Amino acid sequence: MASAEMLDFDVATLCEKLRAKQVSPVEVTDAYLARIAATDEKLRAYITVTAEQARSAARKAEAEIGAGKWRGPFHGVPVAIKDLLYTTGIRTTGGSKILADFRPDYDAIAWARLEAAGAVLLGKLNLHEFAYGVTSSNPHWGFVRNPYSLDRIPGGSSGGSAAAVVTRSALATLGSDTGGSIRIPAALCGCVGLKPTYARVSRHGVIPLSYTMDHVGPITRTVRDAALMLGVIAGYDPNDSTSSREPVPDYTAGLDAGVKRMRIGVIRELNDGLSEQVSRSFNAALKQFGALGATVDEVSIPSFAMATLVNGVVIYADALEYHERWMRERPADYGEDVRRLLEAGMLVTGVAYVRAQRARARMLGEALNALAKHDVLVAPTSAIEAPPISGRVLFEEGPSEADPVRDILRFTAPLDCTGQPALAIPTGVSSGGLPLSMQIIGRPFDESTVLSVAAAYEKARGPLPAPKL
Amino acid sequence: MAQMTGETIRRLARENFDYEIGAEAAEMMARTIGVLLAMTGELQKLGLDGIEPAFGYPNLVREAERLAGKGK
């Protein structure tokens, strides 16, 4: 089978081919490694490529599948993970200079579960330094590029995770999301990003940004792939004290259920200040839901207007608490933008922190009220298309009307504050050929409904144009 | 809340964290982060009376149990 054809399979399709022995894990892994070699000098999606380990894992998968020992949908599937997740004996940098030589002695639970399911690790993916930013313009490991336009950002912080999925240099990836770091790159690169409910996926072995808002989740080409991956990584973990004992359902079970008679609420506070292209695409998606038999109306969650502030205050304090020692000893080893953010954390008072945490309960309360009469809520994932790479340092221009970071974060940060599941799905491309996206948001631990609605929309929307790279 | 100045920011960082922020960076932060943090007072307008921060005793107990299970 030709390499290009193999690279086009989604997880569900590749799984069938592998199980039927029409494709071998070794040849598909080699195809992905060749694709990385061909694209990553430009893309900078990877920090570390684990070619030898990948081939070894692929040979093992091939032998097991040949012997009839089937581990499930990720057996022999080539994946890559954000370099924020610990991997035993494999460099885990957090995208930083500070951890450039760090080799953990245990695995992040999310990766451990994928590995146990037979996944093949292609490598560790580039990101915004320590996951603290949305551009993935990493001063230590290279600026990650947007596959649809190499002079634009891919979003972040999981920029490499989304860029690799879209470029076909990984089939599926893991990212993390504290202010939008799964959904933003998924939106700007044109793929699916699922931030699960807080505590649904263990944070153990993930370099923290914020203890109370870090989420781990999948970035994939299709909704079904996100459902499959979540099914592997979700579930209770005694190593994470916040981990939930909520049972893990079969997330693929309702993917064909459709949205007929469902009620979909459009969040008023997240439906303004949109670029013309985003607005047009989002409204077309809402019409599509109507055509599929859903009722679409508006809901109001007033406290979401304060979400960027609440999210920012909590992260400032949490992040500095983790980084304080390095900030004292090695401040020059941080990139300038991350160092400035950590310095800002020095100004956060205890009063501000506790008040922000209290505000989160108000926000979730209002969101649950809105969901009492709706199955899901929707909003754009970003007000704008992927902006050009500027290298601009945070705060250097002061508060201004045009602030790309704010125009992106204010749509995603509310759901990190509330911990609700939120899935970013492409709604098309702009006239300039850049991906556009919306979020589908559910009740805590109701990823199944979110995935079901997303799958119905994805089927109606049809395929997106491929990126140039 | 009094307006944050670059010098105030430098003093806070120095006294609380033994950390030196450059004068230029401190002035930039005063214009942006200072304003942002001053706005946290506005959060009261969300009606926070009776709302507790969601840190939660169950999480405290679970974390303690996890640590106890490790032996030390």
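Just so it is clear, the model here is predicted, and its values are computed rather than measured.
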Quick one: what part of [X] sits under 4.5 Å from any heavy atom of chain B, side chain, backbone, both or neither?
X: A/Val351; value: neither
X: A/Tyr353; value: side chain
X: A/Leu364; value: neither
X: A/Val348; value: both
X: A/Glu366; value: neither

Residue A/Glu246 excluded, over 12 heavy atoms near CD under 6.0 Å
yes

Does CD belonging to A/Glu329 count more than 12 external heavy atoms closer than 6.0 Å?
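Yes, because the 6.0 Å sphere around CD of A/Glu329 holds more than 12 heavy atoms from other groups.
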
Identify the two heavy atoms, one from [X] and one from [Y], that lie closest to each other, and give their separation to 0.1 Å.
X: A/Met306; Y: B/Leu43; answer: CE-CD2, 3.8 Å
X: A/Arg358; Y: B/Leu48; answer: NH2-O, 2.6 Å
X: A/Gln357; Y: B/Pro53; answer: CB-CB, 3.9 Å
X: B/Ala25; Y: A/Arg340; answer: CB-NE, 3.6 Å
X: A/Arg355; Y: B/Thr40; answer: CD-O, 3.4 Å

Bottom line for B/Glu42: the part with an atom under 4.5 Å from chain A's heavy atoms is both

A/Asn239, A/Thr242, A/Thr212: which one forms the most heavy-atom pairs within less than 4.5 Å of chain B?
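Option with the greatest count: A/Asn239.
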
Below 4.5 Å, heavy atoms only, C-beta onward: do A/Met346 and B/Leu12 meet side chain to side chain?
no

Among B/Asp18, B/Ile51, B/Val61, B/Ile9, single out the residue with the greatest number of heavy-atom pairs under 4.5 Å to chain A.
B/Ile51

Do you know which of B/Met39, B/Gln44, B/Glu52 has the most heavy-atom pairs with chain A at a distance under 4.5 angstrom?
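Most pairs with chain A among the choices: B/Gln44.
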
Inter-residue atom distance A/Arg339.CZ - B/Ile21.CD1, 0.5 Å rounding
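A/Arg339 atom CZ to B/Ile21 atom CD1 measures 10.0 Å (nearest 0.5 Å).
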
Please evaluate residues B/Phe17 and A/Met327 with respect to the criterion side chain to side chain contact (heavy atoms under 4.5 Å, CB included), reporting the C-alpha separation (whole Å), side-chain torsions for both, the decisive distance (0.1 Å), and the verdict.
CA-CA 9 Å; B/Phe17 294 91; A/Met327 277 292 281; over 6 Å; no

